[in-house]
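Reading through the C-alpha cells given below for one structure.
Just the heavy atoms: all of them, side chains too, but no hydrogens, waters or symmetry mates, feed the values below. To find a chain, count down the sequence lines: A is the first, B the second, and so on, and within it residues start at 1. What you are looking at is a predicted structure, and each value in this text was computed from that prediction instead of being measured.
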Amino acid sequence: MSAELRKAVDSLARTAAIVHLWSKELEDNFFDIWPIQPDEVPGVFEPFLSMPTEKSFEPLITEVTSAMALVSNGTGGAGAELLRGFTGANPAMGYVSQVGHDVTRWEGAAQAAFDDIYAGPFEVPVRPNQFLCLAVLRSSLFAEAAIWKEAERSVLDLVQQAEKALYAAIEDDGSDWGFALTVIGAVAGVVSTVLSGGTTAPVVFSVISAAAGVGSAAVGETQQAPGALPGMVVAGMLDGVDTIKRAITAQETKVRDGLDDFLGALEQSAPHLVFQRSSLTERPGVLEVPA
Amino acid sequence: MGWTAEQLAMHTGELIKDAGLLDDAGRAFLDAAAHVSGISPDSAMSREGGLGIGDHGPAAQFRAVIAVLDANASSVGQDLVDVGFILQQMVRDVSGVDEAAESGLKDIASRLEGCHR
C-alpha cells in the first residue's frame with residue numbers, strides 16, 4: 001500500500017479527533033451520534049493498508065509477456081484488447097513451416113505424418129492457441145491489477161474527502177450544511193477490466209470493460225444541529241468504505257468466474273492446443289528419396 | 001523422376017540443417033513454459049481484512065490456468081525438439097551424412113540431453 005494512503009489515514013484520524021472534541025464543546029447537551037469513535041478511524045482503513053497493489057502484478061505480467069514473445073509470429077492472432085500493446089515476435093516460429101516445405105520434397109509415411117501432425121497444425125491451431133492462451137492469462141493479470149489500482153485510488157479519494165468534509169462541517173455556519181455531506185457522497189468508483197467467456201474456433205476470448213458504479217452516502221436536506229454534522233460525515237465515510245469493499249468483491253468475482261470459464265474452454269479445446277502425437281515420434285516410420 | 005546424387009546431397013543437407021531449427025522452435029515453447037510456471041500469483045494477491053474474495057483472491061484459478069499452459073507449452077516444445085531430432089535421424093539413415101551434418105547432429109543430441117534432464 002502506498003505511503004500516501006497511510007499518511008492520509010493518519011491525517012484523517014487526527015482531524016476526526018479534533019472535530020469530535022469540537023462537537024462536544026459546541027453544545028452543552030452533546031448527543032454523540034458518531035457511529036465510531038475517532039480512535040477507531042484508522043482501524044476502518046486497516047484492510048486497505050495491506051491490500052495488493054498494481055505494482056505487485058508487474059513481475060507476473062512481465063514473465064507472461066516474455067512467454068508471449070517467445071511463441072509469437074508477429075502477425076497478431078489476438079484482438080487488440082488482449083494484446084494491449086504487445087508487439088513481440090520470434091523468428092523461430094517460422095522454422096516449422098520451413099522444415100515442412102523441405103519435407104514435402106521427400107516421400108514416405110514420415111513425410112505425410114510430419115505435414116499432417118506437425119507442420120499443418122502448428123500453423124493453425126496449435127501455435128495461435130498457445131499464444132492466445134498466454135494473452136488471456138496476461139489480460140486477466142491486468143484485470144486483477146486494475147482492480148487494486150482503482151481500489152487504492154477510491155480509498156485515497158474517500159479518505160481525503162472525508163477529512164475535507166469534516167473540516168467543512170466545523171467551519172460551516174449552518175447555512176449550507178449540505179456541503180459537507182455532498183463532499184463525502186462523491187466517492188469514486190472502482191472500475192476494472194474483466195474477462196468474459198465465449199469461445200469460437202480455435203479459441204477466442206474477449207475482454208470487456210465493466211464499470212461498477214459506487215453509490216454515495218445518503219445526502220439530502222438535513223435539519224440536524226451543527227454539532228451533529230460531523231457524525232453524519234463519519235457515517236457517510238463508513239458507507240463509502242462498505243461500498244468500495246463490495247465493489248472490489250464484485251469485480252474480483254468477475255475475474256475468478258472469467259478464469260473458471262477459461263479453464264473450461266481450455267479443457268474443451270485441449271486437442272487444439274497441442275500436437276496429437278504421431279507415429280513419427282513413437283515409430284519413426286520411413287522417409288524415402290523420391291523414386 | 002528420382003533425384004540425382006547431387007540433388008540428394010543437396011536436399012539431405014538442407015533438411016538436416018533445417019530440421020535442427022525445430023529444436024530452436026521447440027526450445028522457445030519450453031522457455032515460454034518456464035516463464036509461465038515461474039510465476040506465483042499467491043503473494044501478489046494476498047490481502048488481509050477480508051477484502052475481495054478470500055485471502056488470496058482468485059489465486060487458485062490463476063494457478064490452475066498456469067498449470068495447464070505450462071503443460072501445453074511444454075508438450076508442444078518437447079514434441080518439436082523430438083520430431084526435429086527424429087527427422088534428422090531419418091535423413092541420415094536414408095542417405096548418410098557428410099561430416100558437417102554429423103557434427104550438427106551431435107550438437108542437437110547434446111542439447112536434447114539437456115532438455116530431457
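- Looking at B:Ser43, neither its backbone nor its side chain comes within 4.5 Å of chain A, counting heavy atoms on both sides.
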A:Phe45 vs A:Arg6, test: side-chain contact (heavy atoms from CB on, under 4.5 Å). Steps then yes/no.
CA-CA 9 Å; A:Phe45 293 97; A:Arg6 169 70 72 181; over 6 Å; no
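- More than 12 heavy atoms of other shown residues, nucleotides or ligands fall within 6.0 angstrom of atom CD in A:Glu58.
- Among A:Ser66, A:Ala270, A:Gly94, the residue with the largest count of heavy-atom pairs under 4.5 Å with chain B is A:Ser66.
- The part of A:Val126 that comes within reach of chain B is its side chain, from C-beta onward, which places non-hydrogen atoms under 4.5 angstrom from that chain.
- Between A:Asp102 and B:Lys17 there is no salt bridge, since no side-chain N of the basic residue sits under 4.0 Å from a carboxylate O of the acidic one.
- Formation of a donor-acceptor pair under 3.5 Å by the A:Asn129 side chain with backbone atoms of A:His272 is found in this model.
- Heavy atoms of B:Ser75 lying under 4.5 Å from chain A belong to its backbone as well as its side chain.
- The choice from A:Glu252, A:Glu267, A:Lys55, A:Met93 that makes the most heavy-atom pairs within less than 4.5 Å of chain B is A:Glu252.
- Across B:Val76, B:Val36, B:Ile39, the residue that shares the most heavy-atom pairs under 4.5 angstrom with chain A is B:Val76.
- With hydrogens and angles left out, the side-chain atoms of A:Glu144 and A:Trp148 include a donor and acceptor closer than 3.5 Å.
- For the set A:Asp260, A:Leu134, A:Asn90, the entry with the most heavy-atom pairs within less than 4.5 Å of chain B is A:Asp260.
- Using a 4.5 Å cut-off between heavy atoms, A:Gln130 touches chain B through its side chain atoms alone.
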As a quick check of understanding, evaluate side chain to side chain donor-acceptor pair (under 3.5 Å) for B:Ser74 and B:Asp70, giving each step before the final call.
CA-CA 6 Å; B:Ser74 296; B:Asp70 176 23; 3.3 Å; yes
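- The candidate with the highest count of non-hydrogen atom pairs below 4.5 Å against chain B, out of A:Leu141, A:Val103, A:Val64, A:Thr253, is A:Leu141.
- Comment: A:Arg246 does not engage A:Asp242 in a salt bridge, judged by the lack of any side-chain N to carboxylate O separation of less than 4.0 angstrom.
- Of the listed residues (B:Ala28, B:Gly26, B:Gly49, B:Gly50), the greatest number of heavy-atom pairs within a distance under 4.5 Å of chain A belongs to B:Ala28.
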